[in-house]
There are 2 protein chains.
Amino acid sequence: MRSTAEARRVTVLNTAVSVFARAGFHATPVTAVAAAAGISEAYVFRLFSGKLGLFVAAAGVCFDRIADAIEAGAERAEGDSPQEILDAMGGAYAELIADRDLLLFQVQAQAVTDIPEIAEAVRAGYRRVATFVQSRAGASDAQVQQFFAYGQLCHLIVTAGLEQVPEPWARALTAGIRHP
Amino acid sequence: MRSTAEARRVTVLNTAVSVFARAGFHATPVTAVAAAAGISEAYVFRLFSGKLGLFVAAAGVCFDRIADAIEAGAERAEGDSPQEILDAMGGAYAELIADRDLLLFQVQAQAVTDIPEIAEAVRAGYRRVATFVQSRAGASDAQVQQFFAYGQLCHLIVTAGLEQVPEPWARALTAGIRHP
DNA sequence: CATGTTTGTAAGTGTGCACTCACAAACAAT
DNA sequence: ATTGTTTGTGAGTGCACACTTACAAACATG
């Protein structure tokens, strides 16, 4: 035995997040995940219950990583006001998604929410993040809503590549967004 | 000849927006679009240069419809202040995407921006809408940015089905969003 | 070392789908 | 009528990919 199945699952899930992030659920063959993880396709199917199970599990680690980063960011807040804590969380999130994998995976997951299991995984992820943001920052509903609205704006900016567009309308949309 | 090719193209594109909106680019076979439009798959391939050409053209009509709706909404604004005009535009947009097709198509398009032609179509669409919003409303960069941030929040609300979630975090995210 | 369990794979199988081609019918022009 | 053009389809073709099975090697336990 080279490795335990549980350890394999972890490495496969991490690579799955990266690989699915590029082309999405339907356009990513399981072979691609297996190759990136350095194991055979057949073994991926033994470790997970089909492609869907793999994707749902990857969504879990994606939102876990986001929640952890936001939690750590909140600890580094300078003051105690809700807005200061939200800003610290936003900064931590911006840093986290600099590599784009986690952001793109969220976009891909939201695009395949016609599959009920994935819709539920997305809801579970946002439930976890949103409840934490609200309780930890002590922010109002409106502040939390704004926090996520501008988070979603980042998805547009990155997927459409608006940082690369020098035109005024694109500059307006990207203004003040932390180095995406 | 039953119909002209150009008329066929129009009807095919309208059904294509609806059909692609459900399952996205990769999960939607051209057969599904052809069947929904009531013609053969082979003829769809003659009318458009492949599945990608069809999708890009559908993106064009999607953003056309959005731009038209926002333009019409601006006409119905009560006052002349940027915020009043933006609100009127937002209301018109909310009405337009009540059927979800246009909203879901945007989400699907953003998910396949790794295909350059689609990325360019998305940029072109937002370029048209954003420049119009800014010039017509006379709004500041920050106002335009906020307009689109909350628009993107609608994408999350609809794809994750948050209107159906009674929990507080979901109510916070959906608060004040016009009947999605 | 014999037997059982877990890790791992090579080689299929069946299906769905993008795209093509040969061909037909409706219409137009002379 | 004849010829040409446009609209339309049925019947393929070839390939990619989700998932399975049979089998092998590493390790554990008595």
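For clarity, every value in this text was computed on a predicted model and none was experimentally measured. The chains referred to below are lettered A, B, ... by the order of the sequence lines, with proteins before strands, and numbering in each begins at 1.
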Closest to the [X] side chain, choosing from [options]:
{"X": "A:Lys51", "options": "C:dC19, D:dC19, D:dT21", "answer": "D:dC19"}
{"X": "A:Tyr43", "options": "C:dC17, D:dT7, C:dT9", "answer": "C:dT9"}
{"X": "A:Pro29", "options": "D:dT9, C:dC17, D:dC17", "answer": "D:dC17"}
{"X": "B:Thr4", "options": "D:dT7, D:dT9, C:dT9", "answer": "D:dT7"}

**Item:** B:Arg9 side chain vs B:Leu47 backbone, donor-acceptor pair below 3.5 Å
**Value:** yes
Rounded to whole angstrom units, what separation is found between the [atom1] atom of [X] and the [atom2] atom of [N]?
{"X": "A:Leu52", "N": "D:dC17", "atom1": "CG", "atom2": "P", "value": "18 Å"}
{"X": "B:Ile115", "N": "C:dA18", "atom1": "CD1", "atom2": "P", "value": "12 Å"}
{"X": "B:Phe45", "N": "D:dG10", "atom1": "CZ", "atom2": "P", "value": "15 Å"}
{"X": "A:His26", "N": "C:dA18", "atom1": "NE2", "atom2": "C1'", "value": "17 Å"}
{"X": "A:Leu47", "N": "D:dA18", "atom1": "CG", "atom2": "P", "value": "16 Å"}
{"X": "A:Arg9", "N": "C:dT7", "atom1": "CZ", "atom2": "C1'", "value": "12 Å"}
{"X": "B:Phe48", "N": "C:dC19", "atom1": "CZ", "atom2": "C1'", "value": "16 Å"}

**Asked** Which part of the nucleic acid, if any, lies within reach of B:Ala5 when heavy atoms closer than 4.0 Å are counted: base, sugar-phosphate only, or nothing?
**Response** sugar-phosphate
**Asked** Checking all strands, does B:Ser49 fall into the base, sugar-phosphate, or nothing category for heavy-atom contacts under 4.0 angstrom?
**Response** nothing
**Asked** Taking only side-chain nitrogens and oxygens of B:Arg46, does any of them come within less than 4.0 Å of OP1 or OP2 of D:dT7?
**Response** no
**Request:** Report yes if at least one side-chain N or O of A:Arg8 is closer than 4.0 Å to OP1 or OP2 of C:dG8; otherwise report no.
**Result:** yes
Hey, does [Y] have a side-chain heavy atom less than 4.5 Å from the side chain of [X]?
{"X": "A:Phe20", "Y": "A:Leu54", "result": "yes"}
{"X": "B:Val30", "Y": "B:Lys51", "result": "yes"}
{"X": "B:Gln83", "Y": "B:Leu86", "result": "yes"}

**Request:** Specify the residue among B:Glu41 and A:Val44 whose closest nucleotide of DNA chain C lies further upstream toward the 5′ end.
**Result:** A:Val44
**Request:** Measure centre to centre between the rings of B:Phe55 and B:Phe105, then say whether the value is under 6.0 Å.
**Result:** yes
